[in-house]
Number of protein chains: 2
Amino acid sequence: MHSEVVASRSADQRDSSRESRNGNSPQLDAVSLAIIQQLQEDGRRPYAAIGKAVGLSEAAVRQRVQKLLDQGVMQIVAVTDPLTVGFRRQAMVGINVEGDVESIADALTDMSEVEYVVMTAGSFDILAEIVCEDDDHLLDVINKRIRALPGVRSTESFVYLKLKKQTYMWGTR
Amino acid sequence: MHSEVVASRSADQRDSSRESRNGNSPQLDAVSLAIIQQLQEDGRRPYAAIGKAVGLSEAAVRQRVQKLLDQGVMQIVAVTDPLTVGFRRQAMVGINVEGDVESIADALTDMSEVEYVVMTAGSFDILAEIVCEDDDHLLDVINKRIRALPGVRSTESFVYLKLKKQTYMWGTR
DNA sequence: ACGCGACCTTGCGGATTTCGCAGATCCGAT
DNA sequence: ATCGGATCTGCGAAATCCGCAAGGTCGCGT
């Protein structure tokens, strides 16, 4: 009874201790992946339901989720389109840097208006997404704060006109 | 008694029966805003706790959250760094279009590998974020699928090297 | 071979939370 | 003045969460 799936979570994705986050290597197995998928569909889904879906007991799911949360591998949050929540100006800013890219990225990370920072290959070294209340605010962040950082060679802004898609469903496909 | 906040949720969010998401502004009142903030901190926070924080009964919070969810104003989901979850190649693609920008954006929206689509002002008409398993996959999506769309004049890719920040905390600042 | 640690399972109450529904209220529209 | 819709509050009942305890299994290092 109860057997069903289970899929013998053997000792598969062992080794390969590479790191992806900013330092540690969480190393997820297939079951945790499945749990995350469940929670990507509905962050409030009960543990028992998740357990049934991935072939684990309620208690086990609870422990796994807690650990994933504690490790910072995943977070369960509400997401919205900022435009509907009163932030009327958003922009993606492409930045070119001379010198240490990482330190500039860190400086951007510390700004509360900056939602998203990623280091890239291509004609920009960094892409940063900015969320502001209005034009003045946006202008201020870009010109006074970002361009003022030592090492920033140039920036190019892309003001958001309309958000068309925003998903959190990889793996679900 | 019990007053506290409440802030007289006047008769604002009239209509809104329409598909929010895009062009319009559902107009959230202060209470819904506060609820969203609570859920941005913890997507699983109990309704009673939220109610206490925003000055509403448990049932009222539940109804509001349900409506926000139904309207598509907000979603409660698990988020992770895709790199941690096995998607090893990501990129932002800037796209220039001739003709109807919106229809191209819609086409992008239909691709499962595309996580994020936004229409912008600036030297790109559209920015799209792509999440793939490996280089072949990424190459395939960009060259075979995106560039193949009629109306796409040119694209420029920014392959992600390292994600530095990813937040969901507007309003909480 | 043995012990240890990591992880799962089953089972179990009690505390909490969720959920549905009936009864107020408020407010604008007829 | 009154009707109707939207929203809030107040309940029980059902479901979920949470901690905990007693095993079981597997892989690994000594």
Side-chain angles (χ1 to χ4, degrees), chain A residues 1-17 24-36 38-39 41-71 73-78, chain B residues 1-18 20 24 26-36 38-39 41-78:
Chain A
M1 64 295 278
H2 183 256
S3 51
E4 310 235 43
V5 188
V6 182
S8 74
R9 89 195 86 9
S10 53
D12 19 7
Q13 47 267 82
R14 241 311 89 56
D15 63 300
S16 76
S17 58
N24 46 22
S25 54
Q27 219 43 292
L28 307 178
D29 66 10
V31 181
S32 290
L33 241 296
I35 291 175
I36 292 175
Q38 292 290 316
L39 290 170
E41 289 172 21
D42 175 4
R44 274 178 171 260
R45 183 161 302 169
Y47 296 134
I50 297 173
K52 207 157 307 182
V54 307
L56 235 54
S57 68
E58 177 268 342
V61 172
R62 202 188 330 140
Q63 292 165 184
R64 289 232 189 193
V65 170
Q66 196 51 56
K67 189 190 297 185
L68 289 171
L69 256 21
D70 290 342
Q71 289 177 165
V73 172
M74 138 187 113
Q75 39 184 334
I76 299 176
V77 296
Chain B
M1 64 297 277
H2 184 253
S3 51
E4 312 234 280
V5 187
V6 183
S8 77
R9 83 196 87 16
S10 51
D12 21 16
Q13 61 260 74
R14 238 320 69 71
D15 65 290
S16 75
S17 52
R18 178 201 321 32
S20 60
N24 49 24
Q27 213 46 316
L28 308 177
D29 66 15
V31 181
S32 290
L33 241 296
I35 292 175
I36 292 176
Q38 292 289 317
L39 290 170
E41 288 173 20
D42 175 6
R44 272 178 171 260
R45 184 162 300 170
Y47 296 133
I50 297 173
K52 206 157 307 180
V54 306
L56 234 55
S57 69
E58 174 271 334
V61 173
R62 190 178 355 125
Q63 295 169 57
R64 289 230 187 196
V65 169
Q66 195 52 56
K67 186 190 291 187
L68 290 171
L69 255 20
D70 291 341
Q71 288 177 167
V73 173
M74 138 187 115
Q75 41 184 331
I76 300 176
V77 297

What distance do [X] atom [atom1] and [Y] atom [atom2] have between them, rounded to the nearest 0.5 Å?
X: A:Leu68; Y: A:Leu33; atom1: CG; atom2: CG; answer: 9.5 Å
X: A:Leu39; Y: A:Ile50; atom1: CG; atom2: CD1; answer: 4.0 Å
X: B:Gln75; Y: A:Asp42; atom1: CD; atom2: CG; answer: 10.5 Å

Worksheet item: Hey, are the side chains of B:Arg44 and B:Ile76 touching, using non-hydrogen atoms and a 4.5 Å cut-off?
Response: no
Discussion item. Is any side-chain heavy atom of B:Leu56 closer than 4.5 Å to one of B:Arg64?
Written reply: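 A side-chain contact under 4.5 Å exists here.
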Worksheet entry | Where protein sits on nucleotides 14-21 of chain C, one letter per nucleotide: B base, S sugar-phosphate only, - none, heavy atoms under 4.0 Å | ---SBBB-
Response to the item:
One would report the end-axis bend of the helix from C:dA1-D:dT30 to C:dT30-D:dA1, five pairs per end and rounded to 10 degrees, as 30°
Worksheet item: A:Gln71 has an atom CD; how far is it from atom P of C:dA6, in whole Å?
Response: 13 Å
Worksheet entry | Separation of D:dA15 P from A:Lys52 NZ (nearest whole Å) |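 Spelled out: NZ on A:Lys52 to P on D:dA15 is 11 Å.
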Worksheet item: Do any side-chain nitrogens or oxygens of A:Lys67 fall under 4.0 Å of OP1 or OP2 in C:dC7?
Response: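 It does, given that an N or O in the side chain of A:Lys67 lies less than 4.0 Å from OP1 or OP2 of C:dC7.
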Response to the item:
Sorted by chain and residue number, the side chain to side chain contact (heavy atoms under 4.5 Å, CB included) partners of A:Ala59 (sequence neighbours excluded) come out as A:Ser57, A:Arg62
Practice prompt. For B:Ala49, check side chain to side chain contact (heavy atoms under 4.5 Å, CB included) against everything at least two apart and list the hits.
Written response: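 B:Ala49: side chain to side chain contact (heavy atoms under 4.5 Å, CB included) contacts with B:Arg45, B:Pro46.
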Discussion item. Side chain of B:Ala60, heavy atoms from C-beta onward: which of C:dC7, C:dT10, D:dT9 has the nearest atom to it?
Written reply: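 For B:Ala60, the side-chain atoms sit closest to D:dT9.
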Worksheet item: With sequence neighbours excluded, what pairs up with A:Gln66 under the side-chain hydrogen bond (donor to acceptor under 3.5 Å, both in side chains) test?
Response: A:Asp70
